[in-house]
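Please read through the structure below; I'll follow up with questions.
Computation of the quantities below employed the complete heavy-atom set of this structure, encompassing side-chain atoms and omitting hydrogens, waters and symmetry-equivalent molecules.
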Amino acid sequence: MQTSSQSTKETNSQLTDLTKETAMQDETRTDRSFDTIADYFEKKVYGGLKGDIRLAVLRRDIFAYTAQMSKELGRPLRVLDVGAGLAQIAIELAAQGHSVVINDISANMLEKAKASAAEIDRNLDIRWYVCPYQEIEDKLAIDELQNKDSIAKNTEKTAKFDLIMSHALLEWLAEPAAIMDFCDRLLAEHGALSLCFYNPASFDYRNLIMGNFNLLDNTDYKADTKKSLTPNYPVAKEEVESWLTTHHYQTILTSGLRVFHDYAPLKRGGHNDPDAVIRMELRYSQREPYKWLGRYLHIMATR
């Protein structure tokens with residue numbers, strides 16, 4: 001016969017298990033979509049100098065490399081941009097004559113990107129895929145099987161890509177390391193990866209400068225992901241570098257994006273000249289040790 005005390009203990013145990021299960025469900029990570037805040041994302045990320053700096057560094061890093069690669073291959077490149085968001089770099093590569101596939105999980109983000117592409121040229125060689133990046137491979141295979149002309153022109157049933165870009169995506173994925181297997185399958189021999197990702201060290205450094213010590217002492221701190229664009233699960237550069245080593249990639253270049261702009265609470269002197277800020281950001285973005293202070297890091301690698 002069960003006593004009252006035993007019954008209470010059993011009930012408390014069940015409640016504890018339920019609380020743990022609920023907590024585990026709350027902590028279950030999924031790939032993040034910005035579909036519901038596309039307008040806010042566009043304004044916050046690219047509505048000012050921060051976005052201009054980001055694009056300036058990426059253009060410098062990527063366009064010089066793709067121009068050389070295209071010259072060596074004697075043809076336009078095949079480019080894939082996964083988790084592309086507004087896809088500015090991918091659209092500009094298409095405008096340069098390359099064949100581009102643009103993907104994002106958010107339909108609203110890609111609608112904005114399509115509008116931007118149409119303003120440049122409605123006949124750009126771009127294919128659009130609204131889906132998780134994990135579904136692109138199958139969708140590409142189906143599309144190319146249905147296009148007999150494409151099959152006739154390519155020696156492979158599914159042509160691979162000369163450049164795969166993943167910009168500000170890793171920190172929003174439930175399983176960021178899995179993207180490396182995806183890239184292994186879709187990247188052409190001697191192709192290049194362009195990985196741009198949030199730098200968690202910059203979060204600590206900026207809050208040290210701002211005196212937000214209570215936040216840094218709070219080991220349970222999590223940003224409100226419904227409103228904030230600060231990721232709660234950023235990937236450190238050491239981890240990304242270990243992935244590249246494991247998958248036999250060689251790093252071509254590394255750059256920091258916004259290596260000083262975000263750390264200057266007092267805007268004085270040259271800080272009031274946007275062109276001067278971009279010029280200095282570009283100058284120091286590849287210099288030691290400054291590049292490692294970037295709010296975002298950009299790594300290009302090949303195999």
Side-chain angles (χ1 to χ4, degrees), residues 31-67 69-70 73 75-133 135-137 139-140 142-144 146-147 149-150 153 158-169 172 183 186-188 191-196 229 257 296 298 300:
D31 293 354
R32 174 72 188 275
S33 170
F34 294 101
D35 203 56
T36 59
I37 58 169
D39 291 335
Y40 175 75
F41 179 96
E42 181 178 34
K43 181 179 179 180
K44 183 72 173 179
V45 177
Y46 291 106
L49 187 53
K50 289 182 179 181
D52 293 340
I53 294 168
R54 177 193 289 208
L55 292 174
V57 176
L58 291 176
R59 285 180 182 124
R60 186 222 29 216
D61 289 357
I62 295 170
F63 292 168
Y65 190 83
T66 53
M69 186 192 301
S70 181
L73 293 174
R75 60 169 174 78
L77 303 181
R78 282 176 52 87
V79 179
L80 171 62
D81 192 357
V82 293
L86 300 178
Q88 294 98 323
I89 299 296
I91 292 169
E92 291 180 37
L93 285 169
Q96 294 171 17
H98 302 297
S99 177
V100 177
V101 171
I102 295 177
N103 152 263
D104 200 271
I105 197 172
S106 165
N108 287 333
M109 295 292 280
L110 286 197
E111 283 302 315
K112 290 180 176 293
K114 288 179 182 179
S116 297
E119 290 179 2
I120 297 174
D121 185 344
R122 292 185 178 275
N123 296 313
L124 294 176
D125 186 0
I126 299 177
R127 285 187 287 165
W128 307 87
Y129 291 87
V130 180
C131 63
Y133 87 86
E135 297 178 7
I136 297 174
E137 197 170 358
K139 290 181 181 293
L140 287 170
I142 291 170
D143 285 354
E144 294 196 9
Q146 292 173 343
N147 186 341
D149 290 337
S150 175
K153 291 176 183 176
T158 301
K160 295 188 177 183
F161 294 92
D162 303 300
L163 173 67
I164 298 179
M165 300 189 295
S166 166
H167 295 167
L169 174 66
W172 301 110
C183 291
L186 270 69
L187 190 67
L193 296 183
S194 169
L195 303 176
C196 180
L229 295 179
L257 285 66
Y296 287 79
H298 181 222
M300 292 192 69

Intermediate values then yes/no, side-chain contact (heavy atoms from CB on, under 4.5 Å), Leu93 and Leu77: CA-CA 9 Å; Leu93 285 169; Leu77 303 181; over 6 Å; no

Atom pairs and distances, donor-acceptor, side-chain atoms in residues 46-57, under 3.5 Å, two or more places apart:
residue: Tyr46; atom: OH; partner: Arg54; partner atom: NH1; Å: 3.2

Whether Ser106 side chain and Met109 backbone form a donor-acceptor pair below 3.5 Å: yes

Reported NZ-to-CZ distance for the pair Lys114 and Arg122, which is rounded to 0.5 angstrom: 12.5 Å

Value rounded to 0.5 Å, distance of CZ in Arg127 from OG in Ser99: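 So the gap between those two atoms works out to 6.5 Å.
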
Side-chain heavy atoms of Leu140 within contact of Phe161, under 4.5 Å: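 When only atoms from C-beta onward are counted, Phe161 and Leu140 do touch, with a gap below 4.5 Å.
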
Side-chain heavy-atom pair Leu86, Val45 within 4.5 angstrom cut-off: no

Shortest non-hydrogen contact between Ile105 and Ser33, atoms and distance: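 Taking Ile105 first and Ser33 second, the nearest heavy atoms are CG2-CB, 3.5 Å.
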
Heavy-atom closest pair, residues Ala90 and Val100: O-CG2, 3.7 Å

Smallest separation among heavy atoms of Ala192 and Met69, with atom names: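 Result for this residue pair: CB-CE, 4.0 Å.
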
Ser70 (side chain) donor-acceptor with Ala67 (main chain) under 3.5 angstrom: no

Nearest heavy atoms of Leu110 and Gly85, plus distance in Å: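 For Leu110 and Gly85, the tightest heavy-atom pair comes out as CD2-O, 3.7 Å.
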
Minimum side-chain heavy-atom gap Ile37-Lys44 below 4.5 Å: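 No. Closest side-chain heavy atoms not under 4.5 Å.
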
Nearest-0.5 Å distance, CG of residue Leu80 to OG of residue Ser166: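 That separation rounds to 9.5 Å.
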
Shortest non-hydrogen separation from Ala94 to Ile126 and the atoms involved: CB-CG1, 3.6 Å

Within-4.5 Å side-chain heavy-atom neighbours: Lys112 and Asp39: yes

Between Asp31 and Tyr133: side-chain donor-acceptor atoms closer than 3.5 Å: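 The criterion, which ignores hydrogens and geometry beyond distance, is not satisfied for Tyr133 and Asp31.
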
Rounded distance (nearest 0.5 Å) linking atom CG of Asp162 with atom OH of Tyr65: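 Here the interatomic distance stands at 10.0 Å.
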
Inter-residue atom distance Asp125.CG - Gln96.CD, 0.5 Å rounding: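 Going from CG on Asp125 over to CD on Gln96, the span is 13.5 Å.
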
Side chain Asp81, main chain Ile102, donor-acceptor under 3.5 Å: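 No, because the side chain of Asp81 does not come within donor-acceptor range (under 3.5 Å) of the backbone of Ile102.
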
Donor-acceptor under 3.5 Å (Asn103 side chain, Gly83 main chain): yes

Spatial distance of atom CG (Asp104) from atom CH2 (Trp128) [nearest 0.5 Å]: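 One gets 10.5 Å once the value is rounded to the nearest 0.5 Å.
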
Plane angle bin for His298 and His167 - parallel if under 30°, tilted between 30 and 60°, otherwise perpendicular: perpendicular

side-chain contact (heavy atoms from CB on, under 4.5 Å) assessment of Leu163 paired with His98: CA-CA 11 Å; Leu163 173 67; His98 302 297; over 6 Å; no

Verdict with reasoning, Leu58 to Glu92, per side-chain contact (heavy atoms from CB on, under 4.5 Å): CA-CA 11 Å; Leu58 291 176; Glu92 291 180 37; over 6 Å; no

Option passing side chain to side chain contact (heavy atoms under 4.5 Å, CB included) with Ile164 (candidates Val79, Leu195, Leu187): Leu187

Nearest heavy atoms of Ile62 and Ser194, plus distance in Å: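 For Ile62 versus Ser194, the nearest heavy atoms are CD1-OG, 3.5 Å.
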
Under 3.5 Å: donor-acceptor pair, side chain of Asp35, backbone of Ala107: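 Present.
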
